[in-house]
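To start, the structure itself, in structure tokens.
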Amino acid sequence: MANFTSVDASLEGRLLFAVPKKGRLNQAALNLLEGADIQFKRENRLDIALVKNLPIALIFLPAADIPTFVGEGQVDLGITGWDQVQEHDAGVRALYRARRFSGEITPEEEVAHNGRGSGCETVLDLGFGGCKLQVQVPQNGIYQSPKDLVGKNIGTSFVHLARKYFANLELEADSANTQVGGQPAGFTGKLRTKIIELSGSVEAACALGVADGIVDLVESGETMKAAGLKAIDTVVESSAILIKSRGPSNPELVDLIATRIRGVITAQKYVLCQYNIKRSSLIEASKIAPGKRAPTVTTLDEEGWVAVSVMVEKKRLAPIMDELSKIGAHDILALHSTVGRAYPPYTPKSLPSHSIMSNTTPTPSRTIDGEVRWQSKIYKAIVTPIHFVTFLLSLYLIDSHYRAQRYRQHASGANNQNERPWLHRLLYQQRLSPYDWVDDHQKPSSSQSTNATHRHEAKTRYAGGGPRSAKEASGPWFYRTKMDAFMIHFVLTPEAGAVQIPAILRGEQSPPSGSAIGSKDYSKRPVAVILGGGYDDAGIDIIMEASKGIKPIPWLDPTQPAPPLGPKYGKAMVARIKELLAQLDKDGKMDEEKVHWY
Ligand SMILES: Nc1ncnc2c1ncn2[C@@H]1O[C@H](COP(=O)(O)OP(=O)(O)OP(=O)(O)O)[C@@H](O)[C@H]1O
Ligand SMILES: O=P(O)(O)OC[C@H]1O[C@H](OP(=O)(O)OP(=O)(O)O)[C@H](O)[C@@H]1O
């Protein structure tokens with residue numbers, strides 16, 4: 001039972017969000033909340049949970065009651081089934097119709113109330129909880145069509161929708177009779193069909209002689225079949241939806257949640273399918289799985305073979321994998337859902353060298369040869385700590401080297417420099433780095449003026465730069481040479497990007513994050529999304545789809561030929577990014593939602 005009084009005060013200022021407390025929609029709704037980074041801890045038996053990272057309180061309610069709470073405006077937002085919203089709507093209409101019949105309200109007042117509907121507005125379809133509310137009768141019984149059930153007993157949990165359905169049937173039957181007998185027809189509010197309200201196990205009603213037919217939900221059809229029933233009509237097709245009240249307390253927060261959930265749904269809808277195939281079959285394979293834009297193709301070391309990554313709708317994955325294997329695709333792998341198939345069945349020899357599976361498939365020495373495995377354990381036990389310590393040491397050395405260099409170069413002018421100026425210049429070639437923050441009250445010298453001013457402008461625009469604290473602003477002349485001054489936020493996976501990037505583009509000040517990299521300064525919105533080489537078209541599509549229409553911004557895609565990975569790679573890519581951004585800025589294209597290659 002809900003303990004509302006004890007948490008009353010803490011609900012103050014929070015958006016109330018109703019979530020199904022049990023049943024078919026419960027787990028999927030909780031998964032969505034987790035994906036949207038809505039963090040909460042639900043105490044045992046308490047039906048209210050305060051969200052830790054947003055001003056939201058979750059209210060756990062039966063799915064059937066959620067439309068009532070949202071419709072009445074006591075709760076701002078809710079997840080429930082479309083069928084439940086329809087049932088609530090039919091109930092509200094029935095109530096006003098009854099009041100009109102009793103003379104309590106006028107026909108005009110009834111129309112006005114109906115115009116306002118149930119008070120619930122659909123925000124978005126959540127893509128799960130798909131089912132149909134169907135009229136069902138005994139498989140071998142005497143009823144063949146819905147009209148055979150007029151005047152009979154109907155068992156259901158959806159009494160209002162069932163009443164509406166049979167009222168229409170009766171009206172149809174009566175008007176047919178009118179045409180024959182010449183009597184006036186019209187629904188009088190008295191239903192001849194008897195609707196019997198049942199709260200569960202509705203399918204048992206016919207066998208037990210309680211009802212002649214039922215109106216109940218069907219998904220797989222297993223329950224119906226097991227109860228010896230068959231469907232003869234569909235009343236409503238349903239899936240889970242996000243609904244909001246007419247006047248939510250915080251419309252911006254409602255939009256934010258909707259955007260995050262939309263991102264999660266997009267990411268859930270697709271999987272990344274990877275496979276190896278002969279280049280000669282590539283065109284045929286692209287017809288089977290064209291991806292959202294185009295498949296990403298990588299040449300393998302084995303002559304004539306390529307590795308392909310492509311985004312595939314999850315529900316079409318199995319037939320697509322079958323089709324691909326038919327035309328000779330090998331090592332088909334679906335990422336993010338851990339579903340995989342290898343054609344032909346895996347043997348170490350059958351793998352093309354350096355194929356996409358080589359990263360994920362254990363090497364023979366690790367999986368087949370027990371002795372080697374034993375040796376490698378000892379080897380690992382000795383070498384891993386050495387690697388770890390060496391890694392930490394090298395980080396320390398790099399950091400202290402650059403820290404010392406920054407101090408030497410910039411500590412309150414030349415007086416504080418340890419070396420003589422000529423030696424300093426010789427050693428460090430003092431010049432601004434691409435990511436420098438140039439202090440506002442410390443104007444660049446005339447020899448640096450054009451570049452530095454340009455850089456200063458670029459910095460302010462592209463990175464939202466400047467001192468991070470008052471101490472830093474009043475401190476010694478300080479250069480920030482680390483990438484995080486330029487990069488606000490770093491995204492690790494397409495799924496994370498589908499949630500995090502839309503949040504940042506919307507201007508959220510504390511968007512969800514899975515990485516410590518980046519300045520995390522969200523006070524200015526970013527001006528570009530720079531896609532790294534680790535994302536292929538499929539991954540990029542997932543993020544872009546979720547971010548569509550939020551803020552027009554250039555998306556920089558590293559699809560041009562690049563130098564091989566190595567010391568030159570980073571520098572070259574950064575130079576290209578900067579060059580492209582400057583060009584887009586010059587051409588006035590920074591406000592267009594477009595992909596540009598760099
Ligand atoms: N078999 C099903 N398959 C998919 N979705 C379903 C199915 N049954 C119900 N639903 C959806 O889930 C919603 C909640 O139904 P469910 O029976 O799980 O609720 P509940 O709160 O547990 O109620 P009850 O106690 O009556 O079972 C339904 O309104 C419908 O939208
Ligand atoms: O077509 P199927 O996949 O078999 O699903 C249909 C069943 O699911 C729902 O009941 P639920 O299991 O939620 O329990 P209930 O009968 O107590 O409502 C519905 O009322 C059906 O009985």
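Whatever order the structure lists ligands and atoms in, that order sets their numbers, starting from 1. Since this is a predicted model, take the numbers as computed values, not measurements.
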* Decide whether D37 and Q39 meet the rule of one side-chain donor and one side-chain acceptor closer than 3.5 Å. => yes

* Heavy-atom nearest neighbour in the protein, as seen from atom 22 (O) of ligand 2, with distance rounded to 0.1 Å -> E203 OE1, 3.4 Å

* Asked: If you count the atoms of ligand 2 from 1 in the order shown, which ones are under 4.0 Å from a heavy atom of V218?
  -> 1 (O)

* Asked: Which residue owns the protein heavy atom closest to atom 11 (P) of ligand 2, what's the atom, and how far is it?
  -> R24 NH2, 3.6 Å

* Asked: Below 3.5 angstrom, do we get any N/O pair linking S199 and ligand 2?
  -> no

* Under 4.0 angstrom from ligand 2, any heavy atom of V202? -> no

* Exercise: identify the closest heavy-atom pair between I543 and I501 -> CG2-CG1, 3.9 Å

* To do: List the atom of L324, the atom of A285, and the distance in Å for their closest heavy-atom pair.
  => CD2-CB, 3.9 Å

* **Nearest-neighbour protein heavy atom for atom 4 (O) of ligand 2, which is reported as residue plus atom name and distance** => T223 OG1, 2.4 Å

* Protein contact of atom 3 (O) of ligand 2 - nearest heavy atom, named by residue and atom, plus distance -> S220 OG, 2.7 Å

* Asked: Which residue holds the protein heavy atom closest to atom 1 (O) of ligand 2, what is that atom called, and what is the gap in Å?
  -> E219 N, 2.7 Å

* Asked: Looking only at side chains, do Q144 and D148 share a donor and an acceptor under 3.5 Å apart?
  -> no

* **atom 18 (O) of ligand 2: the protein heavy-atom neighbour that sits closest, reported with distance to 0.1 Å** => G200 CA, 4.4 Å

* **Smallest separation among heavy atoms of L191 and F166, with atom names** => CD1-C, 4.0 Å

* Asked: What residue and heavy atom of the protein are closest to atom 6 (C) of ligand 2, and at what distance?
  -> L217 O, 3.4 Å

* Asked: In the protein, which heavy atom is nearest to atom 16 (O) of ligand 2, and how far is it?
  -> S201 N, 3.3 Å

* Asked: Going by atom types alone, do Q274 and S309 pair a side-chain donor with an acceptor below 3.5 Å?
  -> yes

* Asked: Is there a donor in the side chain of S157 and an acceptor in the side chain of E197, or the other way round, less than 3.5 Å apart?
  -> no

* Distance-only donor-acceptor check, side chains S513 and K520, under 3.5 Å -> yes

* To do: Identify, chain by chain and in numerical order, each protein residue with a heavy atom under 4.0 Å from an atom of ligand 1.
  => K22, G23, R24, L25, A63, G81, D83, Q84, G129, G130, C131, S199, L217, E219, S238

* Asked: What do you think, any protein heavy atom under 4.0 angstrom from atom 14 (O) of ligand 2?
  -> no

* Minimum heavy-atom distance between F17 and I257, given as atom pair plus value -> CE1-CG2, 3.9 Å

* Asked: Based purely on interatomic distance, does G221 place a nitrogen or oxygen under 3.5 Å from a nitrogen or oxygen of ligand 2?
  -> yes

* Structure fact -> Between V499 and P502 the two heavy atoms that sit nearest each other are O-CD, 3.5 Å

* Classify the ring geometry between Y96 and H113 as parallel (under 30°), tilted (30 to 60°) or perpendicular (over 60°). => parallel

* Asked: Considering all heavy atoms of both residues, which atom of I320 and which atom of A289 are nearest to each other, and what is their separation?
  -> CG2-CB, 3.9 Å

